[in-house]
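We name chains A, B, ... by the order of the sequence lines, and we start the count at 1 in each one. Computed over heavy atoms, backbone and side chain alike; hydrogens, waters and symmetry mates excluded.
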Amino acid sequence: MIVSRRALLGGGAGVVATSLAPRPTPASGRAPYGGSIRLHTPWPLASIDPHRIDDAAAALFGDALFETLYAPDASGAVVPCLAEGPPEPEGKALRVRLRTGVTFASGAPLDAQAAAASIARARSRGAAAWLSDVPPPRVHDGALVFPLQDSATLLRAVTSPLVAILPPRYSPERPDGTGPLRARLDGGALLLVRNTVAAGGPALLDEVDVRLAADLSTSLRAFESGSDDVGWLGSFLHDPRQGALAFDAGAVAWAILRTGREAGALDAPGMAQAFADAVPHSALAPLVVGAPWSGGMGHWTGSPCDLFVRDDAPWLAELARALAVALSGPSHEIAARPVPPAELAHRRSTRAFSVMLDVARPAGPGGLGTLIGLATADDAASAAALLRSPPRGDVAPRVATRTMRVGVVGEVRLQGGRAPDVVLPTSTWGRGVDWGGAFRRRGG
Amino acid sequence: MLPWILLASAVDAKGGAVETVAAEATRSLGGSTAQSVVVSAPLESDKPAPRGDDLALRLASRVAARLGSLARAHPQTAPLGAARAIAGRTRTLVYLRGEVARGDLRATVDVYPPAANVWDRVRDPSASPVGHASASAKIDAGVRAFLTPLALDRATVGRARHDEGDVLAAACGDVDGDGRDEILLVSRARVALGRVAGEKFVAERALAWGKLATVLPVPMREPLAGAALSRDAVYAGTTDRGGVELGPDLAFRVALVGIPVDGGDEAVCLRPEPAAGAFDGAPVACLRAAAPGPKMAVPAPRFDAFAAASLPDANGRVRGIVAVREPSGKLRLKVDDATIAPEGLFGAQLAVGDLDQDGVPDIVTTAEGTDDAVRVLGFAPGAAQPIDRARLPAPSRVHALAMCPPDDGGQPVLVVVTGDEVWQMRATPVPAVPATPGERTGR
């Protein structure tokens with residue numbers, strides 16, 4: 001069953017509009033340890049790869065599993081995380097010492113070799129552009145030695161979830177990290193269990209049980225009935241749950257429209273965003289895609305075509321259907337066409353499509369991370385050039401893509417309803433939930 | 001049943017200030033004092049002492065007891081000349097001068113040999129003593145019983161700002177032996193030792209944690225910390241970095257086996273359990289070379305706040321108090337061998353002391369909930385549960401509590417770190433009660 005837009009909108013509107021405090025601990029107490037949270041999500045959970053620019057599961061739950069060499073603290077200042085201290089100048093290089101004794105959840109030790117290999121892996125995937133101005137480090141005397149002198153550049157680069165430190169031979173199907181929770185993937189479910197050797201401290205919750213929702217109503221129904229503790233994008237399907245509260249951890253990624261070579265003349269920079277902007281916000285609002293944008297009332301002007309979308313992501317598939325309806329015009333129909341992820345990846349790499357609905361994550365914190373993330377999703381080489389000469393000031397995502405073959409359709413948001421005793425702090429990244437700091441209030 | 005009454009007869013081998021001063025003074029006295037008479041001079045005091053001479057006589061009796069069964073204490077205070085006459089020809093005079101000054105009970109003891117006869121005393125009225133000793137101890141309930149009482153419900157609070165950020169733990173004491181208490185503030189970033197000067201906490205010495213210890217492989221998500229001060233040593237620790245012993249100049253001495261806290265008589269260490277967000281088990285000795293095993297029993301196996309003290313009552317009997325807060329927010333107390341489970345939930349800060357020196361321990365904690373406050377719990381006769389004795393609302397979160405030894409005024413000080421302020425809370429002396437006939441006051 002597919003939830004109606006009205007119902008989903010009703011669910012969203014049923015949430016009290018409050019945002020989260022960064023660390024809502026009791027006045028003089030401490031956040032309680034223990035308990036669990038259960039939720040459904042309309043995103044695939046079969047694998048998690050934080051180095052992929054299009055991995056929605058990593059965008060949603062990567063904070064729970066992985067750490068970086070440096071990370072923002074609660075005040076936003078960048079502080080050592082897996083690194084022992086700030087980068088130390090060493091001739092014309094910067095030395096980064098790693099904390100001693102840290103292990104991954106699997107028990108594998110974190111050392112400089114593992115960190116260097118992980119950075120190389122990130123560079124070979126979604127962080128190619130983001131790391132383009134940071135040469136690969138060498139390992140010397142148990143530390144990473146980066147051949148550059150600008151510590152600000154280094155910190156900017158390695159303070160990105162896209163450069164999370166993974167163990168050697170990392171398998172996305174068997175996630176392993178140093179984060180507050182460790183993952184068990186089991187038949188489309190993601191069980192996040194407290195990691196007792198977490199480098200930043202074990203999670204407050206015993207576990208977070210995430211199930212794949214086959215459609216958008218599953219989560220709302222489960223939350224409404226009380227079997228789930230978190231409602232995805234809303235808090236009820238039919239009747240409000242008593243005492244339910246809202247949470248809004250913001251946009252963790254973007255749904256992007258790609259144009260491919262089969263679009264002919266429409267496969268030009270800026271066209272994807274123009275079509276995305278042509279879709280009225282009201283057409284997509286039930287899917288909670290973020291703030292309204294200007295524009296609307298435009299249509300696809302190319303030949304009838306398929307809008308390719310991965311078939312294992314119910315939210316994205318629903319968005320594709322809404323997008324296809326909104327963009328279609330007489331003789332210019334677009335039909336949403338769900339395909340397996342592997343086929344989607346093949347078409348993306350060969351550009352064998354007219355239009356495709358995909359996901360892009362930010363490459364790093366702040367406006368630059370947004371810009372480079374979207375640019376990387378478009379073309380890694382161009383993104384690297386953009387990193388070398390970024391525009392001044394922060395550029396809105398929908399503006400940043402005006403020179404790209406991708407356009408922002410809407411935000412992938414982590415928001416909805418929560419049980420009254422569930423506390424979901426925002427991540428220090430400014431995006432997403434700090435799953436390690438999530439807890440259940442006493443007496444809930 | 002009220003444990004407090006049950007325990008009132010339990011006499012600890014340790015004593016209060018009077019016993020400590022008597023023991024210290026006689027220990028260093030030496031010589032032939034077994035067959036002696038102990039005579040006390042009238043007590044001198046820099047604070048009103050309605051029963052000052054009673055205190056002097058009590059001190060004399062404890063000194064006599066320490067000197068042996070043949071020694072006796074004279075039942076009245078007397079000047080030296082009269083005391084020598086009292087000692088007479090057969091007894092050694094142990095002349096005791098007691099003083100209450102700057103928060104201390106002090107005693108000096110002079111030993112005079114027996115005078116052969118009255119003519120000896122006439123010929124040499126200022127004969128030199130053949131033995132001398134002195135001792136001092138901080139005022140406690142056993143001394144306060146002879147001085148002006150303190151009223152907790154009329155406590156004064158001094159407020160000073162600090163720049164230490166989110167403080168996790170605090171301690172108070174005279175670490176450098178200059179007679180003034182220092183305050184130790186431990187944050188996630190650094191360790192700062194200083195004093196309140198006017199309306200500001202001035203960190204006289206500070207050291208970043210990065211220069212003291214590396215980050216532990218598995219810290220706690222919400223850090224816990226501990227702090228303790230002793231003469232010539234500073235103890236600090238967080239669950240981020242572990243515990244360290246430092247010198248008064250904050251020079252690193254040694255890494256500790258856990259997070260140091262004041263165990264009442266010495267610094268002890270707690271073992272953090274990061275996966276539980278709490279400390280696990282009884283305190284242990286802080287040094288790796290020390291004998292393993294618990295240093296004391298705790299009233300709950302797992303807790304996130306701890307305080308302990310050895311407190312004398314008005315008779316000088318010392319009790320061991322251990323208070324912990326379980327992660328659930330419940331408070332558990334251990335008074336000697338009895339355990340008490342106060343009803344309700346409490347905040348995550350704890351201190352134990354005797355703020356009004358009435359001989360009954362005060363459990364200082366914080367409020368559980370959205371409005372923070374400092375709560376002082378005490379024991380009332382006949383009550384099975386501790387009662388609220390004082391409540392001090394705090395506009396910001398209370399980050400740490402610490403008890404200071406009695407200050408120059410003889411009043412214990414409660415340090416409260418709340419927001420960016422350090423508060424110093426003192427019980428207030430109640431107006432002097434008119435002396436009854438026969439009572440003599442001190443200076």
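- Among the candidates B:Leu224, B:Thr239, B:Leu345, the residue making the largest number of heavy-atom pairs closer than 4.5 Å to chain A is B:Leu224.
- Annotation: residues 208-218 of chain B contacts chain A through B:Thr214, B:Val215, B:Leu216, B:Pro217, B:Val218 [non-hydrogen atoms, separation under 4.5 Å].
- Of the options B:Val417, B:Val186, B:Val398, a side-chain contact (heavy atoms from CB on, under 4.5 Å) to B:Val167 is made by B:Val417 and by none of the others.
- Under 3.5 Å, the side chains of B:Ser187 and B:Asp166 contain no donor-acceptor pair of N or O atoms.
- Checked by atom type and distance alone, the side chain of B:Thr418 pairs as donor or acceptor with a backbone atom of B:Ser396 at under 3.5 Å.
- Side-chain atoms of A:Asp63 and A:Ser427 include a donor-acceptor pair closer than 3.5 Å.
- Residue B:Pro327 touches chain A through its backbone alone, counting heavy-atom pairs closer than 4.5 Å.
- Judged by distance alone, with hydrogens and angles left aside, the side-chain atoms of A:Arg194 form a donor-acceptor pair with the main-chain N or O of A:Leu204 at under 3.5 Å.
- Looking only at distances, no side-chain donor or acceptor of B:Arg271 sits under 3.5 Å from a matching main-chain atom of B:Ile259.
- Summarising the local packing, CG of B:Asp388 is surrounded by more than 12 heavy atoms from other residues, nucleotides or ligands at distances under 6.0 Å.
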Donor-acceptor contacts, no H, no angles, side chain residues 75-82 of chain A, under 3.5 Å, sequence neighbours left out:
| unit_1 | atom_1 | unit_2 | atom_2 | d |
| --- | --- | --- | --- | --- |
| A:Ser75 | OG | A:Asp73 | OD1 | 2.7 |
| A:Ser75 | OG | A:Asp73 | OD2 | 3.4 |

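- The most heavy-atom pairs under 4.5 Å with chain A, out of B:Ser328, B:Gly329, B:Ala394, come from B:Ser328.
- Ranked by heavy-atom pairs under 4.5 Å with chain B, the list A:Thr178, A:Val197, A:Asp206 is led by A:Val197.
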